[in-house]
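Here the structure comes first, spelled out in structure tokens, and everything after it is commentary.
For the numbers below, each heavy atom of this structure counts, side chains included, while hydrogens, waters and symmetry mates do not. The model shown is predicted, which means the values in this text are computed figures rather than measured ones.
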Amino acid sequence: MKVFVVGANGQVGHELVHTLHKDEHHEVTAMVRKEEQQKEFEDKGIHSVLADLEGTVEDLADAMKGYDAVIFAAGSGGSTGQDMTLLIDLDGAVKTVEAAEHAGVKRYVMLSAFGVGDRSTWSDEIKPYYVAKYYADHHVEESSLDWTILRPGALTDDEPTGKFAAGSDAKPGDITRHDVAHALAHVVGDSSTSKKSIELVNGDHSLADTLKSGL
């Protein structure tokens, strides 16, 4: 599977690209904004392209042509303002959905956030972020794509556990960025996750067993 990763220079995206690069079943391309970021990936033998979520849908579609799947792992980050939350987490995500449709990409995986589908759980401190993710997710769900939405808990930089909980077993909690990257790399090729939104945290079971019982 030829996989196009949006947000490859982010913490989860970076780990995701390297995970896919090591997988003989996938051929990965990292989408980045800056030439120095591109050089970093190319120096490691990882194919990359320059594109910008603030650019046009047409430019993004051109970059995605020929790929089997797109994984959206981008985010504006906690240090930016609400304007960038709108431009990246909402409009940037929507643009990639439209671009994937235009480019003829079939598979699309969205990295979202735990609790996005339930407004009553949204934290007031970052409510604009939840709003952006809510409507981006909705746009994915209404698209023609074969989509999966992954909604991880609070991200940590801890060592990966390789253990998960999903569905009704996934109570609000933490999950390592490495484990999220591993989950994204898995679900992109897992047809059982098609048309599903999956809330995921670290737990007690392998990813395969978690997805089997939690969907």
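- A distance of 9.0 Å separates CG in Leu150 from OG1 in Thr193, rounded to the nearest 0.5 Å.
- Not counting sequence neighbours, the partners of Asp146 by the salt bridge (charged side-chain N to carboxylate O under 4.0 Å, His left out) test are Arg107.
- With sequence neighbours excluded, no residue satisfies side chain to side chain donor-acceptor pair (under 3.5 Å) with Gln38.
- The closest side-chain donor-acceptor pair between Asn202 and Thr176, if any, does not fall under 3.5 angstrom.
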(message) Leu155 vs Val12, test: side-chain contact (heavy atoms from CB on, under 4.5 Å). Steps then yes/no.
(response) CA-CA 9 Å; Leu155 302 179; Val12 171; 4.2 Å; yes

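- Annotation: ring-ring contact (aromatic ring centres under 6.0 Å, His included) contacts involving residues 134-184, sequence neighbours excluded, comprise Trp122-Tyr134.
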Less than 3.5 Å apart, which donor and acceptor atoms pair up between the side chains of residues 50-57 and the rest of the protein, not counting sequence neighbours?
{"from": "Asp52", "atom 1": "OD1", "to": "Glu54", "atom 2": "N", "distance (Å)": "2.9"}
{"from": "Thr56", "atom 1": "OG1", "to": "Asp59", "atom 2": "N", "distance (Å)": "3.0"}
{"from": "Thr56", "atom 1": "OG1", "to": "Asp59", "atom 2": "OD2", "distance (Å)": "3.3"}

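- Heavy atoms only, all atoms of each residue included: Ser206 and Lys163 are closest at N-CD, 4.2 Å.
- Leu200 and Ala166 make their closest contact through CD1-CB, 3.8 Å (heavy atoms, listed as atom of the first residue, atom of the second, distance).
- In the hydrophobic clustering, Phe114 connects to Val201, either directly or through intervening members, whenever side-chain heavy atoms lie under 4.5 Å apart.
- To the nearest 0.5 angstrom, Leu20 atom CG is 10.0 Å from Met1 atom CE.
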(request) Output, in order, the C-alpha distance, side-chain angles, deciding distance and verdict of side-chain hydrogen bond (donor to acceptor under 3.5 Å, both in side chains) for His14 and Glu40. (result) CA-CA 11 Å; His14 195 270; Glu40 179 186 345; 3.2 Å; yes

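- Distance CD/Gln11 to CG/Asn9: 10.0 Å, rounded to 0.5 Å.
- Residue pairs meeting the salt bridge (Lys or Arg N to Asp or Glu O under 4.0 Å) criterion with at least one partner in residues 90-103, sequence neighbours excluded, are Asp91-Lys95.
- With sequence neighbours left out, Arg33 forms a side chain to side chain donor-acceptor pair (under 3.5 Å) with no residue at all.
- Linking ILVMFWY residues whenever their side-chain heavy atoms come closer than 4.5 Å, directly or via other members, places Val109 and Leu207 in the same cluster.
- Under the 4.5 Å side-chain heavy-atom criterion for ILVMFWY residues, no single connected hydrophobic cluster contains both Met84 and Val94.
- Listed here is the closest heavy atom pair of Ala185 and His26: O-NE2, 4.0 Å.
- For Lys127, the salt bridge (charged side-chain N to carboxylate O under 4.0 Å, His left out) criterion is met by Asp124, not counting sequence neighbours.
- Linking ILVMFWY residues whenever their side-chain heavy atoms come closer than 4.5 Å, directly or via other members, leaves Val180 and Val116 in distinct clusters.
- In this view, Lys39 and Asp43 satisfy the salt bridge (charged side-chain N to carboxylate O under 4.0 Å, His left out) rule, not counting sequence neighbours.
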(message) salt bridge (charged side-chain N to carboxylate O under 4.0 Å, His left out), that's the test. Do Asp137 and Arg151 meet it? Break it down for me.
(response) CA-CA 10 Å; Asp137 286 4; Arg151 293 173 172 166; 3.1 Å; yes

(message) Test side-chain contact (heavy atoms from CB on, under 4.5 Å) on Asp68 and Val105; report intermediate values, then the result.
(response) CA-CA 5 Å; Asp68 302 305; Val105 178; over 6 Å; no

(request) Begin from the C-alpha positions of His47 and Phe41 and carry the test ring-ring contact (aromatic ring centres under 6.0 Å, His included) through to its verdict. (result) CA-CA 7 Å; His47 184 250; Phe41 283 112; over 10 Å; no

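- Residues Thr96 and Tyr108 have side chains that bring a donor and an acceptor to within less than 3.5 angstrom of each other.
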(request) Determine, stepwise, if the pair His186 / Leu211 fulfils side-chain contact (heavy atoms from CB on, under 4.5 Å). (result) CA-CA 10 Å; His186 176 88; Leu211 294 177; 3.4 Å; yes

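- In this view, Asp62 and Lys65 satisfy the side chain to side chain donor-acceptor pair (under 3.5 Å) rule, not counting sequence neighbours.
- Each of Phe72 and Val3 belongs to its own hydrophobic cluster when Ile, Leu, Val, Met, Phe, Trp and Tyr are linked at side-chain heavy-atom distances under 4.5 angstrom.
- Looking at Asp157, Asp158, Thr156 one by one, the single match for side chain to side chain donor-acceptor pair (under 3.5 Å) with Arg177 turns out to be Asp157.
- Side-chain atoms of Lys133 come within 3.5 Å of backbone N or O of Leu111 as a donor-acceptor pair.
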(request) Start with the C-alpha gap between Val97 and Leu145, add the side-chain angles, then the distance that decides, and say whether side-chain contact (heavy atoms from CB on, under 4.5 Å) holds. (result) CA-CA 8 Å; Val97 172; Leu145 301 170; 3.9 Å; yes

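- Sorted by first then second residue, the salt bridge (Lys or Arg N to Asp or Glu O under 4.0 Å) pairs that include residues 11-24, not counting sequence neighbours, number zero.
- Every side chain to side chain donor-acceptor pair (under 3.5 Å) that Asp118 has, sequence neighbours left out, goes to Ser120.
- Contact between Ala170 and Ala165 at its shortest, heavy atoms only, is CB-O, 3.6 Å.
- Under the 3.5 Å distance criterion, with hydrogens and angles disregarded, a donor-acceptor pair is assigned to the side chains of Tyr67 and Thr29.
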